[in-house]
Amino acid sequence: MFRDIARLMEKILGEMPPYDPKIIGFTIISGLPEGTPYPDFAEDEERESDVEVVEGDDCIYITAEADARADGAPYVTFQEDSVTLCTGGDEETVIDLDCEIDILHSFYNVQHGVIDAVCRKKSAPGEVARS
């Protein structure tokens, strides 16, 4: 049921006009009843990409579900034209970007099973940086 609600919200948000207000990312996390086995979504053929990338005027926003069952903490590594995303464990995903980012002012946060990365775009030479 929650997956259907999430897909419906994704469709509604995707059809919103391209002006304010903007919504970046959307996640529904529901708890499982005690003793219920953790569902294995890897076998779900209809499942869409685990990583959402949204480009704004000044930043690129990357959102993914962190794997709470995996060994190792989730993390993000920023490069000038790509981002390496690890949602937990040893597997990494490299996301190539269409522009250069300001590594020092880019950051990520992991909270409630979701990893969010904010990649601040680099200003062109002579261009005033926006805050």
Side-chain angles (χ1 to χ4, degrees):
M1 177 173 82
F2 287 109
R3 188 180 307 161
D4 292 337
I5 293 171
R7 286 186 180 140
L8 178 63
M9 288 302 297
E10 183 178 319
K11 182 177 179 184
I12 291 170
L13 296 175
E15 294 175 359
M16 288 181 66
Y19 50 84
D20 289 336
K22 292 183 180 178
I23 299 172
I24 306 295
F26 177 78
T27 304
I28 295 176
I29 301 172
S30 65
L32 295 172
E34 194 171 322
T36 303
Y38 193 85
D40 185 10
F41 295 115
E43 296 176 9
D44 187 357
E45 293 178 20
E46 293 181 25
R47 186 161 187 195
E48 295 176 16
S49 173
D50 293 338
V51 179
E52 178 182 2
V53 179
V54 177
E55 185 169 353
D57 293 335
D58 299 330
C59 298
I60 298 172
Y61 305 93
I62 301 172
T63 304
E65 183 178 342
D67 187 355
R69 299 176 299 156
D71 293 333
Y75 64 87
V76 174
T77 304
F78 300 98
Q79 293 83 33
E80 282 195 6
D81 60 355
S82 66
V83 173
T84 302
L85 177 70
C86 178
T87 57
D90 295 330
E91 189 173 327
E92 295 180 333
T93 302
V94 176
I95 302 166
D96 292 320
L97 305 174
D98 292 333
C99 64
E100 288 189 2
I101 61 170
D102 182 351
I103 296 170
L104 294 176
H105 293 99
S106 298
F107 60 93
Y108 72 95
N109 184 30
V110 179
Q111 191 171 12
H112 304 296
V114 176
I115 185 166
D116 287 308
V118 178
C119 308
R120 173 124 3 231
K121 292 181 180 180
K122 240 185 200 179
S123 300
E127 183 180 323
V128 178
R130 296 180 243 173
S131 298

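These values consider heavy atoms only, across backbone and side chains, with no hydrogens, waters or symmetry-generated copies. Count residues from 1 along the sequence.
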Fill in: pair Thr84-Gln79: side-chain heavy atoms closer than 4.5 Å
yes
Worksheet item: How long is the gap from CD1 on Ile62 to OH on Tyr108, to the nearest 0.5 Å?
Response: 13.0 Å
Worksheet item: By side chain to side chain donor-acceptor pair (under 3.5 Å), which residues pair with Asp102, not counting sequence neighbours?
Response: His105
Practice prompt. Would you give the length of the straight line joining atom CZ of Arg120 to atom CG of Leu104, rounded to the nearest 0.5 angstrom?
Written response: 12.5 Å
Discussion item. Nearest 0.5 Å, please: how far is CG in Asp81 from CG in Leu97?
Written reply: 7.0 Å
Practice prompt. Could you verify whether a donor N or O on one side chain and an acceptor N or O on the other, from Ser82 and Asp96, lie under 3.5 Å apart?
Written response: no
Worksheet item: Mind checking what makes salt bridge (charged side-chain N to carboxylate O under 4.0 Å, His left out) contact with Glu100, not counting sequence neighbours?
Response: Lys122
Item to complete: First locate atom CD1 of Ile115, then atom OG1 of Thr87, and finally report the distance between them rounded to the nearest 0.5 Å.
Response: 7.5 Å
Worksheet item: If you look at every heavy atom in Gly88 and Ala70, which pair is closest and at what distance?
Response: C-CB, 3.5 Å
Item to complete: For Glu91, enumerate each residue passing the salt bridge (charged side-chain N to carboxylate O under 4.0 Å, His left out) test, keeping only those at least two apart in sequence or located in another chain.
Response: none
Practice prompt. State whether the number of non-hydrogen atoms from other residues, nucleotides or ligands found under 6.0 Å of Asp98 atom CG is greater than 12.
Written response: no
Worksheet item: Ile101 and Cys119: which non-hydrogen atoms are nearest, and at how many Å?
Response: CG2-CB, 3.8 Å
Practice prompt. Work out which heavy atom in Phe78 is nearest to a heavy atom in Val83; give both atom names and the distance.
Written response: CD2-CG2, 4.1 Å
Fill in: Pairwise side-chain contact, Ser106 with Ile60, heavy-atom cut-off 4.5 Å (strictly under)
no
Discussion item. A side-chain contact here means heavy atoms from C-beta on lying under 4.5 Å apart; do Arg69 and Asp67 qualify?
Written reply: yes
